[in-house]
Protein chains: 2
Amino acid sequence: MARQRSRPVTLTDVARRAGVSVATASKALNARDEVAPETRRRVLQAADDLAFQPNVLARGLLTGRTRTIGLLTDELAGRFSIPILLGVEDALASGQMSVLLCDARGDAIRRQHYIRTLLARQVDGFVVLGDSNDLRPSLTRQIPVPVVYVYGESDDPRDLSVLADDEHGARLATEHLVSLGRRQIAHITGPETYRAARDRAATFRKVLTDAGLPVAGGDPLFGEWSQRWGRHAARTLLTAHPGIDAVFCGNDQIATGVANTVREMGRHVPDDISIVGYDNWHEFASDCQPPLTTVDLNLQQLGETAVHHLFAALDGQPASGVIRQPCRLVVRDSTGPPATPHP
Amino acid sequence: MARQRSRPVTLTDVARRAGVSVATASKALNARDEVAPETRRRVLQAADDLAFQPNVLARGLLTGRTRTIGLLTDELAGRFSIPILLGVEDALASGQMSVLLCDARGDAIRRQHYIRTLLARQVDGFVVLGDSNDLRPSLTRQIPVPVVYVYGESDDPRDLSVLADDEHGARLATEHLVSLGRRQIAHITGPETYRAARDRAATFRKVLTDAGLPVAGGDPLFGEWSQRWGRHAARTLLTAHPGIDAVFCGNDQIATGVANTVREMGRHVPDDISIVGYDNWHEFASDCQPPLTTVDLNLQQLGETAVHHLFAALDGQPASGVIRQPCRLVVRDSTGPPATPHP
DNA sequence: CTGAAAGCGCTTACAG
DNA sequence: CTGAAAGCGCTTACAG
């Protein structure tokens, strides 16, 4: 670890070795066309020999562009952030850009501090990653460079927000169950304080109504995002309404709890009761007994989409409003046609 | 989103407003003591009025320090990376440093590319975050600034690696079960190809031997890191060895699978069979039925420790070798004294 | 096609 | 205590 910090190779070194001026060396390396082919060759060779890496700071100072963006997150610990972050990082790297990571941990003071820090570092733009898909206060006014919001929606419609399309996801899940021939479909989901929970429940209700079907159990059951709640709600619901033949769950943890309880109550998944989860959280969905049919939010792609819009804004083509990205139904073994087909 | 990129405030602006030279303004802002108090006051006031943020690029160009470190990860998607990353980010922020995030996704080409990129960006140091605690090839030779390895150990003993102490974790878990009075303790864990699995199994065996107890079931059972494996192994094991009164599991998913199977087989957790998990993965450990006693690796602190060592290296106090950070046993409801005390 | 010069925003000896 | 000057590494008109 204690290696000497050797003096880095500069453009001056390259120019000297190639026998040209720094100006010419610069042009040759930047593929400008005012350089003789032979000269360019010598410069490139010299740069290669010396393993020259242009100092990005110096370039940034001149051009005003750092090819760096600030990624401002609220709660990286939440499991939605990681795939999005990976998508962001991947898309940025493809565009030769780097990402400075700042997690505000939901603390406003800290967030302000980070915004200042990132601006002092001359980032070219921001990606603001929400920790839930509720509305969040716009930060754009304080930020003089392009900003894209992802996963969490900005409350200012002049901003651009790139969101997962929860209505689409809920529609995919519900229509899947309906098309399998399920007729008494219940919905067990997370806290009603979450916009995601409300939006999905509303779509669930609408799809059933349009299909002429009731909401089994009377109303969607709001609770928490846990297996525990899934177990509890399933037991209550199935005891009171033994005719239920499918449950659409607000996430894969709830679905896992429901599946375990259904089995414990001596009913079969998927024949007696089909179950759809939400999130495609691998450790839960794939490892459930049986593996869960679930909705994948395409989170990584969400991050990529956000970055592409940021690139557009950096190129002077800013957008605004809300972009909703479709979800994807992943069919596994927790859903199937009813054991006894309906008449 | 389409705000104009207004010309940023520079030190020159501040100096002009305060009626001093840029040199004096610089000294005043950097709290050097060769400035008259009244002058300093005026400069600070002017900077405040203009919301001046020094351009970090310019400063970096001069000082050769960017107050930025490169965080090189192999597989951010793995769940161990996030807490460590949060610890790293937090500790860096406390030291007024920022982190450039680069996830190589286990691809060597990509990793090389990122190393070059980060060096071109003049990072002051690297944190290399391994995706498993197996040995990994040292990157230090290619990197002219301090490097600290975290979670995954470098194969070069001259490097510094900051690791979770798996032997300690396994010891905590096993001794806990022994001290509760458990006498037939089995171990169900992940693939033997994982160093973590081997190390923990070895310690498990050693602690039992030292206590004069057998390894129940004959040998630790290596399999995979899933609930599925936990279910399967538990059924096999408990059928063949009905006297088993405790299971130490290689992670919380396995433990969850084991707990579910034990219940399905009509045995009680923790009275008949106590279960210890590993990782303290909240969504599994807290939400298991019953909640799991488990080992917490203190991952966030691992990241913080790594950064503190990086700071030391940046201050000219590099270390080398391996630092193992203790684990912590989190006791919940899946462990307790035997229903029928041993004689 | 090539190179000397200016300049990005800042810091730091150095002279006054 | 203050400020003019040099310089970090690079790019870009501009002159030759």
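Chain identifiers are assigned alphabetically (A, B, ...) following the order of the sequence lines, protein sequences preceding nucleic acid strands; residue numbering begins at 1 within each chain.
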Pairs involving residues 57-111 of chain B, ordered by first then second residue, that meet ring-ring contact (aromatic ring centres under 6.0 Å, His included) (sequence neighbours left out): B:F80-B:Y151

Closest-nucleotide ordering on DNA chain D, the 5'-leading residue of B:A23 and A:T12: B:A23

Between P of C:dG9 and CG of B:L50, the distance in whole Å: 14 Å

Note: A:D131-A:R136 ion pair, threshold 4.0 Å (strictly below): no

Chi angles and distances behind the side chain to side chain contact (heavy atoms under 4.5 Å, CB included) call for B:R121, A:N55: CA-CA 7 Å; B:R121 288 177 180 273; A:N55 183 322; over 6 Å; no

Close residues, residues 52-63 of chain A, relative to DNA chain C [heavy-atom separation under 4.0 Å]: A:L61, A:L62

SB check A:D74 A:R111 (cutoff 4.0 Å): yes

Spacing of B:N30 atom CG relative to C:dA13 atom P, expressed in whole Å: 13 Å

Test applied, side chain to side chain contact (heavy atoms under 4.5 Å, CB included); reference residue, A:L118; option that passes from A:T68, A:I69, A:V145, A:L100: A:L100

A:R195 and A:N133 side chains, donor-acceptor separation under 3.5 Å: no

Separation of atom NZ in A:K27 from atom C1' in D:dT12, rounded to whole Å: 8 Å

A:L29 CG to D:dT11 P, straight-line distance once rounded to whole Å: 8 Å

N-O pairing of B:R158 and B:D156 below 4.0 Å: yes

Whole-Å gap separating P (C:dT2) and CZ (A:R41): 13 Å

Interatomic distance, A:L11 CG vs C:dG3 C1' [rounded to whole Å]: 13 Å

A:V20, nearest nucleotide to its side chain (from C:dT12, D:dC1, C:dG3): C:dG3

Nearest-Å distance for atom pair CG/P, residues A:D13 and D:dG9: 9 Å

Dot-bracket line, read 5' to 3' along DNA chain C, where crossing pairs take [ ] and | marks a partner on another strand, Watson-Crick or G-U under 3.5 Å: |||.||||||||.|||

Any side-chain donor near an acceptor of the partner, A:S138 and A:D155, under 3.5 Å: no

Minimum-distance nucleotide to A:S21 side chain [options: D:dA5, C:dC14, C:dA4]: C:dA4

d(CZ, B:R16; P, D:dG3) in whole Å: 14 Å

Distance below 4.0 Å between A:T24 side-chain N/O and C:dG3 OP1 or OP2: yes

Derivation of the side chain to side chain contact (heavy atoms under 4.5 Å, CB included) call for A:M97 and A:F311: CA-CA 10 Å; A:M97 299 194 63; A:F311 285 167; 3.4 Å; yes

